[in-house]
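Read the structure below first, then the notes.
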There are 2 protein chains.
Amino acid sequence: MGTGSLHLARADVHHGWDRDRPPLLTVASGAELTVETQDASGGQLGPGSTSASVAELDLERANPVNGPVFVTGARPGDVLQVEILAVEPGRHGWTALIPGFGLLADEFPDPWLHVWELDGGEAVFADGITVPLAPFCGVLGVAPAEAGTHSVLPPRRVGGNLDTRQLGPGSTLYLPIEVEGALFGVGDTHAAQGDGEVCGTAIEASMTVSLRLSVRRDLAIDTPEFDVTRPLERPTAAAAGYHATTGIGPDLMAATRQSVERMIAYLERRHRLSPEAAYALCSVAVDLRISEVVDAPNWVVSAFLPQDLFLAT
Amino acid sequence: MGTGSLHLARADVHHGWDRDRPPLLTVASGAELTVETQDASGGQLGPGSTSASVAELDLERANPVNGPVFVTGARPGDVLQVEILAVEPGRHGWTALIPGFGLLADEFPDPWLHVWELDGGEAVFADGITVPLAPFCGVLGVAPAEAGTHSVLPPRRVGGNLDTRQLGPGSTLYLPIEVEGALFGVGDTHAAQGDGEVCGTAIEASMTVSLRLSVRRDLAIDTPEFDVTRPLERPTAAAAGYHATTGIGPDLMAATRQSVERMIAYLERRHRLSPEAAYALCSVAVDLRISEVVDAPNWVVSAFLPQDLFLAT
């Protein structure tokens, strides 16, 4: 059922989910489309930008989402199947600490920026520290049923800003449809991210994305679900091993914060990173797992740092 | 510095961390020891047990911990390095739903039990469903500084019931020492568990464990940390892929519950499991990741089901 050259250009974006927004493209179920995404700053950050540029960000222009795409035949109660076929990064990316944003916003009040070169399959963070790339779409969603414009920042049961790093090539996402035509959108492409995206930004970059959209009426889901067909672990990470820190306590959020604080402390003492750089590295490369959530009253969250980041040292 | 045949027998256990409990063994830093652990029921559940046996559990006998082990030279402020050398399961294990215990205790009020045969590297759960084994120690800890007897159920900054499934052979755990001699203990051995241990029990089994304990004075940690030297992902899981469900919302615990509820629903409809069996399978084989914890006000928790469990179907 692929219909060939369906395309959303870089300018084909919106900044809010809205069931009444006119679609920019109408496709049949089974159609393949290519999308030129913008980075999460909408082009405001890139080569030549500095921490000062972060302070000057116009947040009205942030988080552009390509779409809406109207999928013929999609009805409320159906499921939209989104096959992620390819996600190809542009040549540059950025990671920022944005004041007021992120898991440890209270501990990191100042703007900070790192600009990445993405020429190969990895990107240099600092002398001897390299982050392997694993591009995916941070935003994949459809319009909520509730009338009005809904912020693109939070994810919802209809998807949106899921920032789930396994949603790269080879994965298939299933989204509950709430409005006629689904009104699909995609954006916020990331060249690499850890589970958690703790500082609030990943390696943010514009990309070329290929997707196949299909309506499913044989599935019953309440929240997004997805299938992953590629390995979750890099061979180099498996070979090099991991260092893990933990957060332990009766509140999952506090335990999560503690696990990241301890990883930042580890990166400061072991790899002589600044706290800001350590926090940013956690966001792009450290994975948060819930180790146990049953041994009342204390839960354990573990943060896993892959040691292959440091193979160059 | 290994000193040979240091050993804790199956009966060398306690049921509460206590700085004033007399040690059963004193070892030098660098010593290797072998430990015969009990299963978490202290032998109350095993072949021949039924759901009725779960209802009759004497919880006073649950969670036996081998120890205490006094490590010569260990002082408050030092770090105990625990190298996990080998963890060999016995021939049987069990997984139970224990009323009042577990992430979804309110939804699963009735006792339920599965007894596993552990003869090979995997264990059969049901027709066509097999769980690969990955044995580790659920409890690895030292005594808290605070006087009195402390429950063995919750983990703490000094470790204890961490139930962190990566603490198997090849891993090294670092624990903050709070009392003279550290007063190390080990137990609650699991033949397999998912990140989260959502129903509150894993594949619970007695085991033979080999460890090396060393005092470190060159480390600065506030909570347990660990190094992992073996791959986190099974080759069969990497090849077969995963199905993932999500929980999305402003409370991490509610999102965690939702991700597991959705996985139980998936296992019921896709693999025709009973809710109880699905919940237990999540506990032994499904991994919880924090996908994003920054897109206020909604966080995403993802539950990953490895598809290699079903290769036999």
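Residue numbers start from 1 in every chain, and the chains themselves are labelled A, B, ... in the order their sequence lines are given, proteins ahead of strands.
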Under a 4.5 Å cutoff for heavy-atom pairs, which residue among [options] has the most contacts with chain A?
options                                : result
B:Asp227, B:Leu173, B:Thr201, B:Leu103 : B:Asp227
B:Phe304, B:Trp299, B:Tyr266           : B:Phe304
B:Pro235, B:Ala220, B:Gly170, B:Ser151 : B:Ala220
B:Gly247, B:Pro250, B:Pro224           : B:Pro224
B:Asp251, B:Val228, B:Thr229           : B:Val228

If you look at every heavy atom in [X] and [Y], which pair is closest and at what distance?
X        : Y        : value
A:Asn298 : B:Pro155 : ND2-O, 2.8 Å
B:Arg262 : A:Thr223 : CG-OG1, 3.4 Å
A:Leu153 : B:Asp295 : O-CB, 3.4 Å
A:Pro231 : B:Glu233 : CB-OE1, 3.6 Å

At a 4.5 Å cut-off on heavy atoms, which part of B:Arg230 comes close to chain A: side chain, backbone, both, or neither?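 Answer is backbone: N, CA, C or O of B:Arg230 sit under 4.5 Å from chain A.
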Top of [options] for chain B proximity - count of heavy-atom pairs under 4.5 angstrom:
options                      : answer
A:Val198, A:Val294, A:Leu252 : A:Val294
A:Leu162, A:Thr172, A:Leu305 : A:Leu162
A:Pro154, A:Gly241, A:Ala237 : A:Pro154
A:Thr245, A:Val301, A:Leu232 : A:Leu232

Working to the nearest 0.5 angstrom, can you tell me the gap between [X] [atom1] and [Y] [atom2]?
X        : Y        : atom1 : atom2 : result
A:Tyr242 : B:Gln166 : OH    : CD    : 10.0 Å
B:Asp287 : A:Arg289 : CG    : CZ    : 5.5 Å
B:Ile290 : A:Asp195 : CD1   : CG    : 9.0 Å
A:Leu288 : B:Leu288 : CG    : CG    : 12.5 Å

Tell me, side chain or backbone of [X] under 4.5 Å from chain B's heavy atoms, or both, or neither?
X        : value
A:Val300 : side chain
A:Arg165 : side chain
A:Ser302 : side chain
A:Ile248 : side chain
A:Ala296 : backbone
A:Ile221 : both

Is it the case that over 12 heavy atoms from other parts of the model lie below 6.0 angstrom from the CD atom of B:Glu107?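 Yes - once you tally the heavy atoms of other residues, nucleotides and ligands closer than 6.0 Å, there are more than 12.
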Within a 6.0 Å radius of atom CZ on A:Arg217, are there more than 12 heavy atoms belonging to other residues, nucleotides or ligands?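 More than 12 heavy atoms, drawn from other residues, nucleotides or ligands, come within 6.0 Å of this atom.
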Sequence-distant partners of B:Glu197, salt bridge (Lys or Arg N to Asp or Glu O under 4.0 Å), two or more places apart: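 Salt bridge (Lys or Arg N to Asp or Glu O under 4.0 Å) check on B:Glu197 returns nothing, list empty.
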Chain A contact residues among residues 253-261 of chain B, heavy-atom distance under 4.5 Å: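 Near chain A, by residue number: B:Met253, B:Thr256, B:Gln258.
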Classify the angle between the aromatic ring planes of B:Tyr174 and A:His243 as parallel (below 30°), tilted (30 to 60°) or perpendicular (above 60°).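 It falls in the tilted class, 30° to 60°.
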Would you call B:Glu225 and A:Arg269 a salt bridge, using N to O less than 4.0 angstrom?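 Salt bridge flag = yes for A:Arg269 with B:Glu225.
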Take A:Thr164 and B:Thr246 through the side chain to side chain contact (heavy atoms under 4.5 Å, CB included) test and state the conclusion after the steps. CA-CA 10 Å; A:Thr164 296; B:Thr246 61; 5.6 Å; no
Can you check whether A:Asp163's main-chain N or O pairs, donor with acceptor, with B:Glu292's side chain at less than 3.5 Å?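 No; zero donor-acceptor contacts below 3.5 Å.
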